[in-house]
Structures are given as C-alpha cells and as structure tokens.
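See below for the structure under consideration.
Note that the structure is a prediction, hence the values are computed from the model and not measured. Labels below follow one simple rule: chain letters A, B, ... track the order of the sequence lines, proteins then strands, and each chain is numbered from 1.
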There are 2 protein chains.
Amino acid sequence: MTTTPRQTERLQDTASVVHAIREAIVAGEFNPGQRLIESELSQRFSASRGTVRQALALLGNEGLAVSEANRGARVRPVSKAEAIEITEVRAVLEGLCARRAAANASAAERKELRELGATMQAAVKRGDIMTYSQVSQDVHLRIRELSGQHTAADLLNRLRFRSVRYQFSVALLPGRPVVGLKEHLGVIKAVAAGQSDLAEHLMREHLESVVEAISQLPESLPALHG
Amino acid sequence: MTTTPRQTERLQDTASVVHAIREAIVAGEFNPGQRLIESELSQRFSASRGTVRQALALLGNEGLAVSEANRGARVRPVSKAEAIEITEVRAVLEGLCARRAAANASAAERKELRELGATMQAAVKRGDIMTYSQVSQDVHLRIRELSGQHTAADLLNRLRFRSVRYQFSVALLPGRPVVGLKEHLGVIKAVAAGQSDLAEHLMREHLESVVEAISQLPESLPALHG
DNA sequence: TACAGCGGAATTGCTAACGATTCTATTGTC
DNA sequence: GACAATAGAATCGTTAGCAATTCCGCTGTA
C-alpha cells in the first residue's frame, strides 16, 4: 500500500522478471512476509502470469520467496538465527575462497587488492560509511573471483541476497567500521602475501566476528519501507 | 533411444516432475549433454509442457541442467575439475556440520552414530561395498542433520546430486573402502566424543582425500546407460 | 567436391483461458 | 452475543495454443 506501484518498462523474459522481483525484495520494496500476488506482479512488470509464476518458483528455489500450495508466494522472512547460519556458511566458503585467492592471484591482482584496502581505510578515516561498506563488499567479491572456485563463488552470490538486510544493519553499528576495516586489511595482507593458511583463518575470523555483531542486533529489523 | 520410454504414472504437480527428472538424471538414464526436450518429457511424465518447463528451470537453478535461450535444456555435464570443486566445497561445509554435530548431539544420537560406524566396518570386512557405500552416505547425512545448521545442510543436499556419479566411481576404486572406512570412523569418534575442532578437521581431511581420489579418476566417466 | 542460400520441420517462449482451491464476509442458529 | 454454515470473490494450478526462433536437409553454384 505504501510502495509506489510505478509502471516499469516491459520485461519480456523470465530472467528479467526474476531479476526485477529480486531487486524489489532486496531493496525492501516488498517487506518480509508480504504476499506476492501473481496478478499484481504480472501487471506491474507487464509480463504474463505464467512468466511471473515461473519467476516466483525460481526465487523460491533461491530462498528469497516461499510458496505454499494453493496459497501463493510470500517474501521469505529471514530470522536472526538464519542470518547467523548464513554468515557461518559464508565464513567457511569465503575462507576457502581466500585460501585459493592467496594461492592463485597474480602480482597485478595482489596490487589491486591492496589498493582496495587503501580506499577502505581512507573512507573510514573520513567517516564515509557508505563508501566503506561498498568497497568492503567489493573486496569480498574480488577475492571470490580470484579464488577460481566457481562453485563456492556461485553459492556465495546466491546467499548474499538472503542476508543483505542484516549485513546492512551490522555496518551501521557504532564502532563496527573500525573493527571491520582492521579485519579486512588483515585478510588483504595475507592474500596479497600468498599466505593461504593465514588468509583462510583471518577470513573465517572476520565473518565469525560478523556473526557476533548480528547476534547483538535486535530480533526483528525495522522495515525499510512503510 | 536406448532408454526405456515406459509410461510413468501421472504426475500432476511441478515438484513431482522435478523429482522424476532429477532421479532420471542422477540414475544416468539421461546422459550428460543429452537434450531434454520439453514435449518428450511432457509425454513421458504425463504433465503439461508448462509444468515440464518450470521443472527444467528449477533443475537449471539447481545445477543439474543448463538451458540456452531458444535452444532448450540439456543435462549439465560435470567435468572432473568441477567435481573436485564441489568436493572442496563439501569439505568446508561438512566440516562446519561436523563441528556443530559434535557440539549438539545427544547421548542417544552419539550412540546411533557409533552403531552406523560398526555397520560400516562389518560391511567392509565382508567386502560388501554397496552396503558400505550406502551407510557412509547415511553417516554424512546424519551428521548434517545433527548439526542443526539448516542452511549448510540444504546446500549440501543440493550439491550431492551434481557429483553422485563421481562419488560412485570413487567408491569403486580398489582399496578405497578401507581408506574411507578409517576416515569415517575417525570422524564418528570425534563427533561422538564432542570434540568440535577435531571433528571439523577430520571431516575436512576425509573429503580432501576424496578430492585426491577423484583427481586420479580418468577425465571422462563411462556412461551408465547406452 | 565444398559450401553458401533457403525452406520446411522441430522446438522453444510466452500468453490467454478454464477449472480447482482458498479466503472472506454475510447470514442464520443457538 | 458467539459461533457454525454458506455463498461469492480472490487467487492459484494446469492446460492448450500461437508466434518466434533454431535446426536440418536440400538445392544450386563455383
């Protein structure tokens, strides 16, 4: 009711509809637990109900929506406990990626990582949390890419959407950027130095510290819209 | 052409069709790279093309099929390199599960695990590889369940289908059951003793030894059918 | 013989429509 | 006034059908 039902441009294929609905969920335009009615989405995205239906099934598979038989689909609410589980999984998977990245990265790529570190450090120094948050995401992404572990990278890309809201809240916690920055710089240093064991260890520790931060969050997050 | 196109009982809902196609792929009834033609599957499973279409999309999402635009779906071939990647991911995820299982399991559950270990041991002793293979799968599954880490357990359940063929080939390698048994017993002992760190470590080592075994397999596996 | 051009068959992507199920608000009964 | 029964609206699950794209074998030319 509070969301703006602006008419989006015509999206023909299923993939586009999946993308559009996912973006809307991640952006908080559809709140957790909110019903996703096929006919409404069909109108909003100017696609047929069949296409929307298929898109919802895919999003269900991805963990962003749930659907009960004959009762339609809803935005899947992610509890704090589940956000912690997701972050624990990220810890071991990103640990694996950090290990591989440390082993694989070229000289140019190591340099690039160090530069991302410097950018983050500068952002925190001047209190620019949004830039810090963005660049730290980039660091994680880049390490995944450098790992060459496509299977792990793919799983991580999917998990990301489920926990974005908690990620965001953590980044806003007072004092968190300073702690996070320190951890990130440690990871970068180890990866850039080719220290596989250390890189994995520090990446795991970093995400376990995020687990700690999440567990200090309130049980339910504030709605982004409405 | 060589596969038996027997008429299966009517499958109404999408989930059943997904299950049926998945089983057929895993059983090797559809070979890697083979085209999955919507109309054929529609006939075979007595479901509408729309339902089959949705099922194929879900299987694509799961990594068992690939589909190119306007060119339909095919059984996704899994290279040896990818099987290794999958097993590396399993190593860290199952390591996490073993850690949690060691921390969580009740007395009855610890006993149950030890009994599974004894069953495995007896099977290997009498050279019953099929039973050993089955029970060892059960051990992995049970540890996942005991972990309480639903997110990791879910990802592992999905990954399983992608690498079954390689898993199977590894189990048939000469001398492999003896090695695998030893590793499994070690994991069980650590989990049953509540030694989290050790349980995770041994589970990772176990699956890294599977990685080694896979890398000694020939590049392409023999077809199971036709 | 090798190969580009072409036309029909096969197959996919999408949409509209129908029947089945679930939800909701009203009515009737105790 | 509380609560079960019921009718109508809303929504879902499935199927059939049409347009667009790709595949495949044929023909003609160098």
Practice problem: Using a 4.0 Å heavy-atom cut-off across all strands, classify B/L36 as base, sugar-phosphate, or nothing. | Solution: sugar-phosphate
Self-check item: Residue-phosphate contact under 4.0 Å: A/T51 side-chain N/O, C/dG13 OP1/OP2
Solution: no
Quiz item: So which nucleotide from D/dC12, C/dT15, C/dT12 ends up closest to the side chain of A/S48?
Solution: C/dT15
Self-check item: Polar side chain donor-acceptor pair, B/H140 to B/E94, under 3.5 angstrom
Solution: yes
Quiz prompt | Nearest to side-chain heavy atoms of B/I37, which nucleotide of C/dG13, C/dT11, D/dG13 | solution = C/dT11
Quiz prompt | Value rounded to 0.5 Å, distance of CD1 in A/I86 from CZ in A/R162 | solution = 5.0 Å
Quiz item: What's the closest nucleotide to the A/A47 side chain, out of C/dC14, C/dT15, D/dT11?
Solution: C/dT15
Quiz item: Atom CZ of A/R74 to atom P of D/dC12: distance rounded to whole Å?
Solution: 13 Å
Practice problem: Please state whether the phosphate of C/dA10, meaning OP1 or OP2, lies under 4.0 angstrom from any side-chain nitrogen or oxygen of B/S39. | Solution: no
Practice problem: Quick one: pull up CG in A/L93 and CD in B/E88 and give me the separation to the nearest 0.5 Å. | Solution: 11.5 Å
Self-check item: Stepwise side-chain hydrogen bond (donor to acceptor under 3.5 Å, both in side chains) test for B/R90 and B/Q167
Solution: CA-CA 12 Å; B/R90 282 188 57 200; B/Q167 289 305 116; 3.3 Å; yes
Exercise. Round to a whole Å and report the spacing from CD of A/E68 to P of C/dC23.
Key: 9 Å
Quiz item: Between B/E38 (CD) and D/dT15 (P), how many Å, whole number?
Solution: 14 Å
Quiz item: Could you go step by step and tell me if A/S169 and A/R176 meet the side-chain hydrogen bond (donor to acceptor under 3.5 Å, both in side chains) rule?
Solution: CA-CA 10 Å; A/S169 298; A/R176 179 69 208 168; over 6 Å; no
Exercise. Can you tell me the distance, in whole Å, between the CD atom of A/Q43 and the P atom of C/dT15?
Key: 14 Å
Quiz prompt | D/dC12 phosphate, OP1 or OP2, under 4.0 Å from A/R53 side-chain N/O | solution = no
Quiz item: Which residue lies toward the 5' end of DNA chain C, A/N70 or A/R49, if each is placed at its nearest nucleotide?
Solution: A/R49
Practice problem: Indicate whether OP1 or OP2 belonging to C/dT21 is found under 4.0 Å from a side-chain N or O atom of A/R71. | Solution: no
Self-check item: Out of D/dG13, C/dG13, D/dT11, whichever nucleotide has its closest atom nearest the side chain of A/R35
Solution: D/dT11
Exercise. Output the single nucleotide from C/dC14, D/dC12, D/dT14 whose closest atom is nearest the side chain of B/T14.
Key: D/dT14
